[in-house]
Protein chains: 2
Amino acid sequence: MQKDFNKTQIDMFIEKCKQHNLKITPQRIAIHGAVVQSRNHPAADEIFKIVKEKFPNISFDTVNRTLLTFSQIGILKIIESFRGARRFDPNLENHHHLHCINCGKIIDFNNENYDRLEVPRNIQQKFTVLNKRVILSGICKECHKTK
Amino acid sequence: MQKDFNKTQIDMFIEKCKQHNLKITPQRIAIHGAVVQSRNHPAADEIFKIVKEKFPNISFDTVNRTLLTFSQIGILKIIESFRGARRFDPNLENHHHLHCINCGKIIDFNNENYDRLEVPRNIQQKFTVLNKRVILSGICKECHKTK
DNA sequence: CTTTTTGCAAAGCGTTTGCATTGAA
DNA sequence: TTCAATGCAAACGCTTTGCAAAAAG
């Protein structure tokens with residue numbers, strides 16, 4: 001079994017596309033290039049701006065759809081967040097969340113071990129932590145049943 | 001010093017409003033009532049629907065603005081989330097996030113202790129955890145400087 | 001009477017959709 | 001030649017803004 005030692009990033013990208021029957025278009029190559037070089041967790045429009053320098057005709061839409069496609073085939077991740085409308089919580093106590101990635105439900109839970117988590121020393125120096133919380137994401141019981 | 005033992009929720013609400021020079025309007029009372037009774041971390045439009053039964057003329061806008069006001073005076077919390085556009089992350093390894101609540105920046109960090117967090121027994125039974133992550137929110141160094 | 005608050009309407013931002021055209025395989 | 005990908009435009013969902021009218025203190 002051949003190892004992937006000397007695969008370049010672009011070769012791995014092409015391989016992933018082939019695995020998923022995605023065509024290798026110049027746009028996809030450019031978007032991939034922009035995103036793997038990015039820092040700071042770019043949003044689609046930042047990638048759009050970068051790619052547009054090489055492909056002035058590219059549409060925002062293609063960039064956005066391509067990024068979503070890439071996340072589906074495991075080339076990048078979407079930063080998990082509770083999307084949709086802002087939610088309010090009358091529970092003022094510190095608590096943690098279960099997040100069902102299927103139905104979007106957020107379930108509170110309390111856990112003293114999690115409350116006691118220590119902030120790493122090197123982070124204390126560069127960031128003032130006001131709140132600590134743990135998010136466990138996955139599939140809730142109800143969504144399991146209906147699958 | 002008198003303790004708040006027998007304050008009802010509505011009295012505490014009125015007190016908080018007075019502390020912050022907010023007028024006690026029937027709309028605010030109704031919105032407060034709906035939100036403290038809520039479960040499931042409602043979004044503004046769910047509260048809107050509930051309050052509209054009593055106040056058919058209320059606008060979505062009032063509900064939304066009132067909820068934001070309430071979060072500012074500590075009556076409820078906004079479920080912290082990375083708002084704005086969806087962000088992409090080319091870093092596929094498990095990692096955790098610092099989230100600056102002032103500028104919105106997301107900074108990755110790695111921490112083996114956090115990776116090793118155990119999922120509580122009672123949660124394992126009702127939820128399939130696919131991903132664990134810790135979010136430390138607060139103020140980043142740059143935002144500290146400019147304050 | 002003064003100052004907030006409300007309701008409304010429009011604008012804004014990001015996302016999603018449908019469709020005709022283009023281009024990779 | 002075929003089918004997927006692209007570019008465009010419109011629609012959509014949620015949030016924010018400005019302003020005149022109404023209401024609280």
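Here is the naming used below: chain letters follow the sequence lines, and residue numbers restart at 1 for every chain. Heavy atoms only: backbone and side chains are in, while hydrogens, waters and symmetry mates are out.
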Chemist: When the distance from CZ of A:Phe82 to P of C:dG14 is rounded to whole Å, what number comes out?
Modeler: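 For the pair A:Phe82 CZ and C:dG14 P, the rounded distance is 21 Å.
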Chemist: Could you check how far CG of A:Leu67 sits from P of D:dT6, rounded to whole Å?
Modeler: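 In whole Å, D:dT6 P lies 11 Å from A:Leu67 CG.
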Chemist: Closer to the 5' end of DNA chain C via nearest nucleotide, is it B:Arg86 or B:Asn21?
Modeler: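 By nearest-heavy-atom nucleotide position, the 5'-most residue is B:Asn21.
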Chemist: Are B:Phe88 and A:Phe70 side-chain neighbours, meaning at least one heavy-atom pair lies under 4.5 Å?
Modeler: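 The answer is no; the side chains never approach within 4.5 Å.
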Chemist: Among C:dT3, D:dT16, C:dT15, which is the nearest nucleotide to the side chain of A:Asn64?
Modeler: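 Closest nucleotide among those given: C:dT15.
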Chemist: Any side-chain donor paired with an acceptor under 3.5 Å for A:His96 and A:Asp108?
Modeler: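 No, because no side-chain N or O of A:His96 sits under 3.5 Å from a partner of the opposite role on A:Asp108.
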Chemist: Which residue, A:Ala85 or A:Leu22, contacts DNA chain D at a nucleotide closer to its 5' end, judged by nearest heavy atom?
Modeler: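 Its nearest nucleotide being more 5', the pick is A:Leu22.
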Chemist: Using atom CD1 of B:Ile31 as one end and atom P of C:dG7 as the other, report the distance to the nearest whole Å.
Modeler: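 Going from CD1 in B:Ile31 over to P in C:dG7 covers 8 Å.
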Chemist: Report yes if at least one side-chain N or O of A:Gln27 is closer than 4.0 Å to OP1 or OP2 of D:dG7; otherwise report no.
Modeler: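 Looking at the OP1 and OP2 atoms of D:dG7, one of them is under 4.0 Å from a side-chain N or O of A:Gln27.
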Chemist: Please tell me if the side chains of A:Ile29 and A:Phe13 come closer than 4.5 Å, counting only heavy atoms from C-beta onward.
Modeler: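 Of all side-chain heavy-atom pairs linking A:Phe13 with A:Ile29, at least one is under 4.5 Å.
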Chemist: Figure out the CZ/P separation between A:Phe60 and C:dT17, and round it to whole Å.
Modeler: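 Result: 14 Å.
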Chemist: On the nucleotide C:dT6, are OP1 or OP2 found under 4.0 Å from the side-chain N or O atoms that B:Thr25 carries?
Modeler: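 Answer yes for this pair, as a side-chain N or O of B:Thr25 is under 4.0 Å from OP1 or OP2.
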Chemist: Please evaluate the base of C:dG7 for a donor-acceptor partner in the side chain of B:Arg65 within a cut-off of under 3.5 Å?
Modeler: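 In this structure, the two groups form a donor-acceptor pair.
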Chemist: I want to confirm an ordering. Mapping B:Asp61 and A:Ser59 to their closest nucleotides on DNA chain D, which one lands closer to the 5' end?
Modeler: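 With B:Asp61 and A:Ser59 compared, the 5'-side residue is A:Ser59.
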Chemist: Any luck finding a side-chain donor-acceptor pair between B:Thr62 and B:Gln27 under 3.5 Å?
Modeler: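 No - no donor-acceptor pair under 3.5 Å links their side chains.
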Chemist: In whole Å, what is the span from the CG atom of B:Asn57 to the P atom of C:dC8?
Modeler: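 After rounding, the reported distance stands at 6 Å.
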Chemist: Of all the choices, D:dC3, C:dG7, C:dT16, which nucleotide is nearest to the side chain of B:Thr62 once you look at every atom?
Modeler: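 Per side-chain heavy atoms of B:Thr62, the pick is C:dG7.
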